[in-house]
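Taking it in order: structure first as structure tokens, then the write-up.
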Amino acid sequence: MSNKPTVTAQDVARLAGVSRAVVSRALSNNGSVSPQSRARVEAAARQLGYQVNFLAQGLNRQRSQLIGVVVARLTDPFRSTLVNALLSAIQARGYQALVTEITDEQETGLSLRRFVQFRVSGVIVTSGQPPESIVRECIEHHIPVVGINRAQSGPSMDVVCSDNQAGAMLAASQLRKAGCQSFIWLNYQGSTWAGRARGEAFHHALAEKGIALRELQATQDGYEGGFLAAQRHDLLPRQATTGVFCANALLACGFLDGMRQQGKNAPTDFHLIGFDNTPQTAWESYQLTTIHQQVDVLAAKALDCLHERAKHPELAARVIPVAVELVHRRTSPCTTEQTGTL
């Protein structure tokens, strides 16, 4: 076994001819360092084989260079796209992501407690609803928590959310302009908070015009749920063009294929709009009209919230909306008036 001594930051400082504090700032991207000093430190670190121990730094400074991310069902195209955007944004700001995948709501609180033990610099919750008591526990340890497309959990948790109300209004407006006389909202049992918010806003947008809405509940989420929902008999009225708005993209794609199996297609027999604008919606076999969520903006604003709340923990909790856009494709093409970003 090798008895080679462990290389320390002080060894790097001595070889580079700088102070220990300069080494820390240069290798953690935390603070101002001249380009010349940074180059000397990095060269000395490579020569000595020195690696920064971020967990040890967390023990010394009461927090690490880690950002905790809570996720679920990464097989969902939108969720995986959002996580990719978060990972890129986290790394671009000099942090590393500590990702945990949950399978049910109860695991959210457990994940947050683990993040506290790792002394993360902040937590981003993309799945599950963290209990208010555990959010307060994080805040007491100076760990800010932000949710994306979540409901708020207490007075200290910011939420960054795509503008579900604007998205529903865009969908309702498009379907009405397309000449639809009957309307269906397709969601699934056990829907997310964001999905329920979209449905409520869609119902409200039509009710304001005196238009009735039929709600269709799939027995499960995802492609299979949408496909099975389309198998119901007498789904489309014979004498009226029907507009269908789906809670997410996978439901919409499944619904479209389910209707095609019965010999019906959009936009000939009905109009269809999804939500998310995942890569699959642009495939030639779908060309789905959909509401676009700006995942890069969601990720950037979530990190901005963590940064601001770390400096000002006394701030009142905020809900920060992110604009959405209607993307016109084949299942409900653009009519006489183009609908844009709200």
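When a residue number appears, it is its place in the shown sequence, counting from 1.
Distance alone, capped at 3.5 Å, places no donor-acceptor pair between the Q293 side chain and the F275 backbone. A side-chain donor-acceptor contact under 3.5 Å links T281 to the backbone of T278. In this structure, the side chain of Q287 engages the main chain of A282 through a donor-acceptor pair within 3.5 Å. S191 places no side-chain N or O within donor-acceptor distance of the main-chain N or O of Y188, the cut-off being under 3.5 Å. Judged by distance alone, the side chain of E42 and the main-chain N or O of R40 form no donor-acceptor pair under 3.5 Å.
Rounding to the nearest 0.5 angstrom, the gap separating the CG atom in L256 from the CG atom in L288 is 7.0 Å. Remark: H328 NE2 to I273 CD1 distance equals 8.0 Å, nearest 0.5 Å. In this structure, CG on L228 lies 10.5 Å from CG on L251, to the nearest 0.5 angstrom. Between the CD atom in E314 and the CZ atom in R309 there is a gap of 8.5 Å [rounded to 0.5 Å]. Taken from OH in Y286 to CZ in R329, the straight-line distance is 13.0 Å, to the nearest 0.5 Å. One distance of note links CG of D158 with CG of L306; it measures 8.5 Å at 0.5 Å rounding.
With a 4.5 Å cut-off on side-chain heavy atoms, N149 and T192 do not count as touching. Within the 4.5 Å cutoff, side-chain heavy atoms of D221 are placed close to those of R73. Q217 places a side-chain heavy atom less than 4.5 Å from the side chain of N187. Inter-residue side-chain proximity for V295 and F78 is flagged as met; some heavy-atom pair is nearer than 4.5 Å. The shortest side-chain heavy-atom distance between L98 and F118 falls under the 4.5 Å cut-off. Using a 4.5 Å cut-off on side-chain heavy atoms (C-beta onward), R79 and V71 make no contact. Residues R176 and L206 meet the side-chain proximity criterion, which asks for heavy atoms closer than 4.5 Å. Side-chain atoms of Q174 and C334, non-hydrogen and from C-beta on, never get closer than 4.5 Å to each other.
The hydrophobic clustering, which links ILVMFWY residues whose side-chain heavy atoms are closer than 4.5 Å, places L250 and F245 apart. Follow the hydrophobic side-chain contacts under 4.5 Å out from W185 and you never reach F227; the two are in separate clusters. By the rule that hydrophobic residues join a cluster once side-chain heavy atoms approach within less than 4.5 Å of another member, L298 and L74 end up as members of one cluster. Residues M157 and V70 fall within the same hydrophobic cluster, defined by Ile, Leu, Val, Met, Phe, Trp and Tyr side chains chained together at heavy-atom separations under 4.5 Å. Linking ILVMFWY residues whenever their side-chain heavy atoms come closer than 4.5 Å, directly or via other members, places W283 and Y223 in the same cluster.
Shown here for L272 and A252, the closest heavy-atom pair between the two residues is CD2-O, 3.5 Å. The shortest heavy-atom contact between T126 and V69 is CG2-CG1, 4.5 Å. Across L112 and V123, no two heavy atoms sit closer than the pair CD1-CG1, 4.1 Å. Between C138 and V116, the shortest heavy-atom contact is SG-CG2, 3.8 Å. T331 and P267 make their closest contact through O-CB, 3.7 Å (heavy atoms, listed as atom of the first residue, atom of the second, distance). The two residues I90 and L303 make their nearest non-hydrogen contact at N-CD1, 3.7 Å.
D76 and N248 share no side-chain donor-acceptor pair at under 3.5 Å. Judged by distance alone, the side chains of N84 and T81 never bring a donor and an acceptor atom under 3.5 Å apart. Side chain to side chain, E200 and H204 fail the donor-acceptor criterion of an N or O pair below 3.5 Å.
Considering V244, L175, I211 in turn, L175 is the only one that fulfils the side chain to side chain contact (heavy atoms under 4.5 Å, CB included) rule with C180.
The aromatic rings of F255 and F270 sit perpendicular, their planes meeting at an angle over 60°, well past the 30° parallel limit. Between F183 and F202, the ring planes lie perpendicular to each other; the angle is over 60°, past the 30° to 60° tilted range.
Atom CZ of R318 sits in a crowded spot, with more than 12 heavy atoms from other residues, nucleotides or ligands closer than 6.0 Å.
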Next item on the list: Tell me, with the steps shown, if I148 and L86 meet side-chain contact (heavy atoms from CB on, under 4.5 Å).
Entry: CA-CA 11 Å; I148 295 182; L86 282 169; 4.0 Å; yes
Item checked: side-chain contact (heavy atoms from CB on, under 4.5 Å) assessment of M259 paired with L236 -> CA-CA 10 Å; M259 295 302 294; L236 303 181; 3.4 Å; yes
Note to self: Go through it in stages, so that I can follow the logic: the residues are Q262 and L235, the test is side-chain contact (heavy atoms from CB on, under 4.5 Å), and I'd like the CA-CA distance, side-chain angles, deciding distance and then a yes or no.
What the structure shows: CA-CA 11 Å; Q262 302 181 59; L235 190 61; over 6 Å; no
Next item on the list: Apply the test side-chain contact (heavy atoms from CB on, under 4.5 Å) to residues T289 and R330: give CA-CA distance (whole Å), side-chain angles for both, the deciding distance (0.1 Å), then the verdict.
Entry: CA-CA 6 Å; T289 297; R330 189 180 302 144; over 6 Å; no
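Residues K301 and E308 are not paired through a salt bridge, judged by the lack of any N-O separation under 4.0 Å between the basic side chain and the carboxylate.
A salt bridge (Lys or Arg N to Asp or Glu O under 4.0 Å) check over residues 246-274, counting only residues at least two apart or in different chains, returns the pairs D257-R260.
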